[in-house]
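Below is one structure, written out as structure tokens; comments come after it.
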Amino acid sequence: MRRLFAASIWAHGAIPVDEWKYRNLKRVWLPLYDLLAMWAGVNAVVFGSRLLNRLLSEELLDLVGIAFTVVAAVCLLAVAFPRLWAIEMVGKSLLVGMVFAYMASVILYPTPSPDETPNWFIVAMLGFGLPLALFRLTMLGEEWKERHKEQESDA
């Protein structure tokens with residue numbers, strides 16, 4: 001168990017001194033983001049979604065919710081263990097893509113009745129969380145470039 005903790009983002013020395021300003025991002029906010037994404041996926045399975053219930057069968061909606069939960073869990077695992085950074089890049093990209101797809105479905109398949117107001121609040125709330133994930137993808141890309149540069153200079 002100690003070896004597992006020692007490999008985690010919460011271990012002493014897991015975050016280099018020059019990145020210390022990002023410690024709360026990496027240790028608190030990114031894991032919380034992924035936990036909330038997992039919760040959203042579980043809620044999709046348990047309660048469904050009014051919009052997606054109109055567009056998808058119950059079985060397909062459950063698969064979407066399960067997929068969202070699994071992708072978010074993979075992101076959480078990869079955030080917790082920095083050596084899994086490449087997996088986090090793939091997972092975060094999928095997660096962002098799934099949120100964008102949901103936003104697009106809200107925009108493209110509006111309310112069933114012309115008397116109802118559009119769901120722009122839902123679109124805005126979905127988009128509200130994306131900058132954190134996109135910022136993380138940017139950080140991972142920069143870290144990848146630095147690793148690649150170091151490997152080239154070592155060769």
Side-chain angles (χ1 to χ4, degrees), residues 1-53 55-56 60-108 119-154:
M1 207 55 177
R2 278 184 213 190
R3 289 183 66 191
L4 192 60
F5 182 78
S8 78
I9 195 68
W10 299 284
H12 180 71
I15 299 174
V17 175
D18 61 328
E19 293 181 17
W20 194 241
K21 62 186 170 192
Y22 297 115
R23 69 187 180 281
N24 288 325
L25 174 70
K26 293 180 176 186
R27 290 180 171 166
V28 178
W29 302 118
L30 291 169
L32 182 60
Y33 181 90
D34 294 332
L35 283 169
L36 288 171
M38 287 173 61
W39 184 48
V42 168
N43 280 305
V45 174
V46 174
F47 301 110
S49 158
R50 268 192 232 167
L51 173 69
L52 293 181
N53 286 339
L55 300 175
L56 307 172
L60 188 54
L61 178 55
D62 286 349
L63 283 175
V64 168
I66 290 167
F68 200 81
T69 304
V70 168
V71 168
V74 166
C75 289
L76 177 61
L77 183 68
V79 163
F81 298 99
R83 287 188 178 160
L84 302 176
W85 64 270
I87 293 171
E88 185 184 2
M89 281 187 86
V90 172
K92 281 285 190 292
S93 297
L94 288 171
L95 201 60
V96 166
M98 293 173 84
V99 172
F100 271 124
Y102 188 63
M103 291 169 69
S105 68
V106 171
I107 293 168
L108 297 174
N119 291 312
W120 293 112
F121 176 74
I122 293 171
V123 173
M125 290 305 294
L126 288 165
F128 183 78
L130 286 177
L132 180 60
L134 294 169
F135 175 66
R136 179 60 177 161
L137 283 170
T138 302
M139 284 180 61
L140 288 168
E142 292 299 321
E143 290 171 8
W144 177 80
K145 284 194 307 190
E146 288 173 13
R147 281 187 203 96
H148 191 60
K149 198 182 298 184
E150 288 172 8
Q151 288 173 353
E152 284 181 353
S153 66
D154 290 344

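Keep in mind that what you see is a predicted model, and the values were worked out from it rather than measured. One-based numbering along the sequence shown.
Two residues are said to be in side-chain contact when any heavy atoms from C-beta on lie closer than 4.5 Å; Ile107 and Trp120 meet this criterion. Tyr33 is not listed as a side-chain neighbour of Arg136, based on a closest heavy-atom distance of 4.5 Å or more. Between Met103 and Val99 there is a side-chain heavy-atom pair separated by less than 4.5 Å. The shortest side-chain heavy-atom distance between Phe68 and Val45 does not fall under the 4.5 Å cut-off. No side-chain heavy atom of Val74 sits less than 4.5 Å from a side-chain heavy atom of Leu95. Using a 4.5 Å cut-off on side-chain heavy atoms (C-beta onward), Leu25 and Phe135 make contact.
Note: Leu126 CG to Tyr102 OH = 6.5 Å, rounded to the nearest 0.5 Å. In this structure, CG in Leu140 is found 12.0 Å from CD1 in Ile87, a value given to the nearest 0.5 Å. Taking CG of Leu94 as the reference point, atom SG of Cys75 lies at 7.5 Å (rounded to 0.5 Å). Taking OG of Ser93 as the reference point, atom CG of Leu137 lies at 4.5 Å (rounded to 0.5 Å). Atom CG of residue Leu60 and atom CG of residue Asn53 lie 11.0 Å apart, to the nearest 0.5 angstrom. Summarising the geometry, atom CD belonging to Glu88 is positioned 6.5 Å from atom CG belonging to Leu30; distances are rounded to the nearest 0.5 Å.
Ionic pairing of Glu143 and Lys26 is present here: one or more N-O contacts between side-chain nitrogen and carboxylate oxygen are shorter than 4.0 angstrom. Ion pair Glu142/Lys145 flagged as a salt bridge, since at least one NZ, NE, NH1 or NH2 atom sits closer than 4.0 Å to an Asp/Glu carboxylate oxygen.
Looking at Trp10, its side chain never comes within 3.5 Å of a backbone N or O of Phe5 through a donor-acceptor pair. Under a 3.5 Å cut-off, the side chain of Arg23 and the backbone N or O of Val17 do not form any donor-acceptor pair. Checked by atom type and distance alone, the side chain of Ser8 never pairs as donor or acceptor with a backbone atom of Ala80 at under 3.5 Å.
The shortest non-hydrogen separation linking Thr69 to Val42 is OG1-N, 3.2 Å. Taking each heavy atom of Ala133 and Val96 in turn, the nearest pair found is CB-CG2, 3.7 Å. Residues Ile9 and Ala14 share a closest heavy-atom pair of O-CB, 3.6 Å. Here the closest non-hydrogen pair linking Ser105 and Leu52 is OG-CD2, 4.1 Å. The two residues Pro82 and Ala7 come nearest to each other via the heavy atoms CD-O, 3.6 Å.
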side-chain contact (heavy atoms from CB on, under 4.5 Å) assessment of Asn119 paired with Leu51 | CA-CA 10 Å; Asn119 291 312; Leu51 173 69; 5.6 Å; no

